[in-house]
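Since this is a predicted model, take the numbers as computed values, not measurements. The sequence lines fix the lettering, A, B, ..., with proteins before strands; numbering per chain opens at 1.
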Amino acid sequence: MTTVTDKSNTKSNTQVEKWIRTYRRMVMIRLFEEQVNELYTRALMPGLAHLYVGEEAVAVGICEALNPTDYITSTHRGHGHCLAKGASPDRMFAELLGKEAGYCRGKGGSMHIADPATGNLGANAIVGGSTGIATGAALSSKRLRTGQVAVCFFGEGALGQGVLYEVMNLAALWKLPVIYVCENNLYTEYTHYSETTAGDILARGTAFGVQAEAVDGQDVRAVNAIAQKLVDRARKGEGPAFLLCNTYRYTGHHVGDINREYYRSKQEEQEWKTKRDPIKNLAEWLISEKLADAAGLTAIETEVRAEMKSAVEFAIAAPYPGVEEVEQDVYA
Amino acid sequence: MTTVTDKSNTKSNTQVEKWIRTYRRMVMIRLFEEQVNELYTRALMPGLAHLYVGEEAVAVGICEALNPTDYITSTHRGHGHCLAKGASPDRMFAELLGKEAGYCRGKGGSMHIADPATGNLGANAIVGGSTGIATGAALSSKRLRTGQVAVCFFGEGALGQGVLYEVMNLAALWKLPVIYVCENNLYTEYTHYSETTAGDILARGTAFGVQAEAVDGQDVRAVNAIAQKLVDRARKGEGPAFLLCNTYRYTGHHVGDINREYYRSKQEEQEWKTKRDPIKNLAEWLISEKLADAAGLTAIETEVRAEMKSAVEFAIAAPYPGVEEVEQDVYA
Amino acid sequence: MPEAAQRELTFAQAVREALAEEMRRDSRVCIFGEDVAEAGTPFKVLAGLVEEFGAERVLDTPISEAGFTGMGVGAAMTGLRPVVDIMFGDFLTLTMDQMVNQAAKVHYMSGGTWKVPMVLRTTLGATRRSAAQHSQSLHAWLSHVPGLKVVMPSTPYDAKGLLKTAIRDENPVVFFEDKMMFKLKGPVPVEEYTIPFGVADIKRQGEDITIVATSSMVQVALGAAELLEKIGISAEVIDPRTTWPLDEKTLIESAKKTSRAMVVDEGYGRYGVTGEIASVIAEGAFYNLEAPVKRMGAMHVPIPFSPPLEDVTVPTDQTIFEAARALCGKE
Amino acid sequence: MPEAAQRELTFAQAVREALAEEMRRDSRVCIFGEDVAEAGTPFKVLAGLVEEFGAERVLDTPISEAGFTGMGVGAAMTGLRPVVDIMFGDFLTLTMDQMVNQAAKVHYMSGGTWKVPMVLRTTLGATRRSAAQHSQSLHAWLSHVPGLKVVMPSTPYDAKGLLKTAIRDENPVVFFEDKMMFKLKGPVPVEEYTIPFGVADIKRQGEDITIVATSSMVQVALGAAELLEKIGISAEVIDPRTTWPLDEKTLIESAKKTSRAMVVDEGYGRYGVTGEIASVIAEGAFYNLEAPVKRMGAMHVPIPFSPPLEDVTVPTDQTIFEAARALCGKE
Ligand SMILES: Cc1ncc(C[n+]2csc(CCOP(=O)(O)OP(=O)(O)O)c2C)c(N)n1
Ligand SMILES: Cc1ncc(C[n+]2csc(CCOP(=O)(O)OP(=O)(O)O)c2C)c(N)n1
Ligand SMILES: [Mg+2]
Ligand SMILES: [Mg+2]
């Protein structure tokens, strides 16, 4: 069986392996989130979670351009970023269930998964809250001359937070190797971004001296190509970048957001799902380019599904941390 | 004797009266600040103060375009804004000395002068701290349909504060009658703005949907012309504007900042003072246009100087508030 | 509590009704915040308001807590009476400059000339499985700051009456709602009423021990009082309702009467609300107290996600019961 | 205090020396903030550091307190040991999200995997005629937050030893310097030393009353102790040095010995540091106290500009003296 947790450090240089790996990762994110939703509806998961379904090409396309030691910061909608950077589903599910085997020993939950081994500085439940952290990581990289790049993922809602502009200005002044990835999935909770975003999004990068680009976030190859360019540039010391990825979340703001018609139409959802699905798009390209056949892709899906299932079972069976842990790790 | 506290509500429509009034206001600010410096060197003033000398054309050119009921918010370097909006020097000096007759009964001091009668929402000692207040005042104006415009003065140092971008975005979305006036005097305390400001200043307005313009802040006629245009536009409901005024502070960051050579050259200071002085420039124009003669202008200066002197004397003689006042006005 | 109260409302309904009544009474009252209009907030507390009052008075904002709180200050100074909605109390961190350096100080710094009649509504409380950045109870910070008033309702009745008072107050008021209490039901009269600030409410009379509890902890303390009654301890439960102004007199008198006191608050136990109230009682009832004032707050840890861990971080009826029993010297 | 200390340094020199020594010892230590490089801060505390360590390690920032504090968090997580400079403690308002929702919680939320070894240096203290937005002492807020440590040095010796400890600590530490104390001189040995956190220092031995004082208030309390001595009252002055961790034991033992205690702190008296420390003593020394613990903090008002008003807002040696005398029952 092909392992679904292949780290990007085992990255092969052949194109076919790269795109198959990419495909697998996107499928993994989608099926991971399916399980999360299932855990929620079966009332097995404490609290809520924000699913990344529909946005897979962004995280995967970008992380495919990163080294294992490169840094990312993530958001409340962070499962996709974690997985794309190489996290294991079993420990992620364990975290979502508050179990000791989780990435944060259950202390963080869905919105706080962090993992030094994959350069994941942590998801963040404060919108815009990790923009300083990512920029600071880029400062370390530059000062310590480690060559690492930091990627800061955020939803377009974070464009409302002033701290983003403060750190973009600093990153530009100090030419830091950081890439601000704006995932514009059109909504901040229950409000369309056009109601909360004046002016021009790309100009918000360039106004602060940050190179800004836009890309179709449903096209993983396009995302990857531009990410590679911006990452290379940052690594060479040419400064920060802002990458606007236009994308869509297929489901609610969180797992409990079921009736959405007061803020968006079913038809809109349907159009994105049918016409712009990132996984379907890549599959079609793989097949048309003869890099894979339908059966092969189905086999991947089946494998990943089985892996997700056993990861969930692992998490369900895992023990909670002992209550004495509650006062541990407050201070290092 | 011509009163030096002529309010803009006594504004005449003839050009000559307007420019003579403008000239008098600029002279008043300069001589007011001279007295402040004197109070400091004579150790009569508690604490410090930030002088507006050199920047007079900005405050005066803009406030000349405002109605008495229009709002302003101001900064730590706020004396010029206060005077330009129509405040009385005597009560200002009293405030600077912590006296009961001061605008804030001595509780605010140099950095907090506020005055409902002239629409002055207050100076602010937090860099960028009044950007929300000015924008909120514009919201009131729009909602209550009063036709008032709000002007938010700030130094270019406030470009570092994220809250400015948050409220510019909101002002653009809601088409609020607010004008963000950036006084770029080249320095934030002891650091040149180019070391702290990446990208392009005007683009920082337009990126958020705010109409942005730049003007020579040493040319009061130019400042006034563009201000009038932006104020009219705002009053008509056409939305917010950002006005970059390029200017220079002649003296230190505050009265105690005497040795400045480690951050800027005497030559630079000299050039601005001799070649770009806003008062001298206006005087030359008035004379060349035959709107005034040298003797007339000297007479104005003499009058204003006398007025400043008696205002300072008033303030020195005025009593401190009674100690029981300390616990008053915490709550309305 | 009013005698004739027949009608029951949830806490959320009481809040909404207070807002609706005040918005009808005074056209200057308006609301802004994230997802407050059509969505009616994630907690649905404001559902229906935009339909009645329109998008001019119930305004959805970008995710810009500092910015729109600052606008609240300016709007309040110039004729509106804004109710600023901060979804989670944890996001107060982003508004501290506007609330503390601006809102709280404008009146004083201007020598009493400008006023800031604004209300900031926000939430507190853990045990919602929301982890460390969505579970804090940060009201101690605001209570520390002169110029602000801080309201902590514990019942639907109090929520309505106190919110109406807050909106009519000429000062910046921070209004904390326990997000776990939105569905709690309680009597709310149909008739108009307001509740003054600085007046504690004795939620339960008792003789043996005084339990001062705030917001979310009032119901929990009442639960503990029932457990205590079963073992023969009569607990008086007092809710200060506002931490500033604080009704010191009522707290001290109760402690003098019972000779034993506890303070229970969901904020962190260290350098917070319990320290202040315990000190007020320890000083005011010094010669009557038979034991030190006992303090219970949130454990001094970031709130963990994992349910078994989170559950031990805040006081429960059982832990309050046990502490009270020990304080009364009963085994 | 070391026996052999011959050399005297000012508080500012002691801070600078601590930074310089740590920067020489560990190349990961760097400083960033507004006007920290050539200007050496408005208080000149950092003068000369950029000349020795270069602009790569002493970085001038834009006026972006939230942004560069956040960068401090990220830099600390990834291998640097940043010292973030916030010019006035009043601007902490702008950093609260970064300090409280990020720095304080990263280690815990990540299950102990990431660490944030950063120091935030800032100031506190009034009486500088700087008015309400430049005179606050906001250390109570940070002391309230688990995950942070809070340091309040009161002498050049303590400032140097505690700052070195802060820089070597693996956690976010907030270091408050009284801006009125920068020119205060005191003995500082030439030899290397550090001072552990959580160890109170008895600045003066006494028998009749315990005065717990923090930061700026320590010297003032020592002044009061001299006045008290003249009327036959022997005051013990204790400086906790860190409000978190807090050396409860030393405070309680002293109060047990003297049977009377006061707490003096320059932060606001309400819901702040005095409430916590007074409660700790009132509980721990309950059976030994002959009078309630007396609290003295800043008056509950925004700090006014006018000198005669400002001067009455914070404790002075005279007001401490009078309160202590009253507490001891002497007229
Ligand atoms: C500072 C802050 N304000 C508000 C929230 C509540 N909140 C959580 S997610 C969210 C919407 C975020 O929208 P966006 O950034 O576009 O991300 P998306 O959910 O679309 O991925 C909001 C308002 C928060 N977590 N942090
Ligand atoms: C939030 C905040 N940070 C820092 C300061 C300290 N400070 C006072 S004035 C100033 C420089 C302001 O520069 P600029 O905005 O350009 O105004 P100018 O003094 O040049 O008029 C600084 C850093 C402050 N008052 N507020
Ligand atoms: Mg979004
Ligand atoms: Mg400037």
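Contact record, D/Lys44 with B/Tyr262: NZ-OH, 3.5 Å, taken as the closest heavy-atom pair. Smallest separation of non-hydrogen atoms from B/Tyr320 and D/Ser306: CD2-OG, 3.6 Å.
Looking at B/Val323, both its backbone and its side chain come within 4.5 Å of chain D, counting heavy atoms on both sides. For a residue to count as touching a neighbouring chain, one of its non-hydrogen atoms must lie under 4.5 Å from one of that chain's; by this rule D/Ala66 does not touch chain B. Heavy-atom distances place the side chain of D/Val312, and not its backbone, under 4.5 Å from chain B. Neither the backbone nor the side chain of B/Asp329 has a heavy atom closer than 4.5 Å to any heavy atom of chain D.
Along residues 41-51 of chain B, the residues that come nearer than 4.5 angstrom to chain D, judged on non-hydrogen atoms, are B/Pro46, B/Gly47 in order of number. Interface residues of residues 156-165 of chain B toward chain D, defined by a heavy-atom distance below 4.5 Å and sorted by number: B/Gly157, B/Gly160, B/Gln161.
By number of non-hydrogen pairs under 4.5 angstrom with chain B, the leading residue of D/Arg128, D/Glu34, D/Glu65, D/Arg129 is D/Arg129.
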Open item on the list: Please determine whether side chain to side chain contact (heavy atoms under 4.5 Å, CB included) holds for the pair B/Thr196 and D/Thr61, giving the CA-CA distance in whole Å, both sets of side-chain angles, and the decisive distance to 0.1 Å.
Closed with: CA-CA 6 Å; B/Thr196 56; D/Thr61 63; over 6 Å; no

- [ ] Kindly determine whether D/Gln133 and B/His112 satisfy side chain to side chain contact (heavy atoms under 4.5 Å, CB included), including the steps that lead there.
- [x] CA-CA 9 Å; D/Gln133 293 174 337; B/His112 300 291; 3.0 Å; yes

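Take B/Glu34 and apply the side-chain contact (heavy atoms from CB on, under 4.5 Å) test, not counting sequence neighbours, and it matches B/Leu31, B/Arg305.
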Identify every side-chain donor-acceptor pair in residues 89-98 of chain D under 3.5 Å, counting partners at least two apart or on other chains, and give the distances.
residue : atom : partner  : partner atom : Å
D/Asp90 : OD1  : D/Ser135 : N            : 3.3
D/Asp90 : OD2  : D/His134 : N            : 3.3
D/Asp90 : OD2  : D/Ser135 : N            : 3.0
D/Asp90 : OD2  : D/Gln136 : N            : 2.9
D/Asp90 : OD2  : D/Gln136 : NE2          : 2.8
D/Thr93 : OG1  : C/Asp97  : OD1          : 2.8
D/Thr93 : OG1  : C/Asn101 : ND2          : 3.2
D/Thr93 : OG1  : D/Asp90  : O            : 3.0
D/Thr95 : OG1  : D/Leu92  : O            : 2.9
D/Asp97 : OD1  : C/Thr93  : OG1          : 2.8
D/Asp97 : OD1  : D/Asn101 : ND2          : 2.7

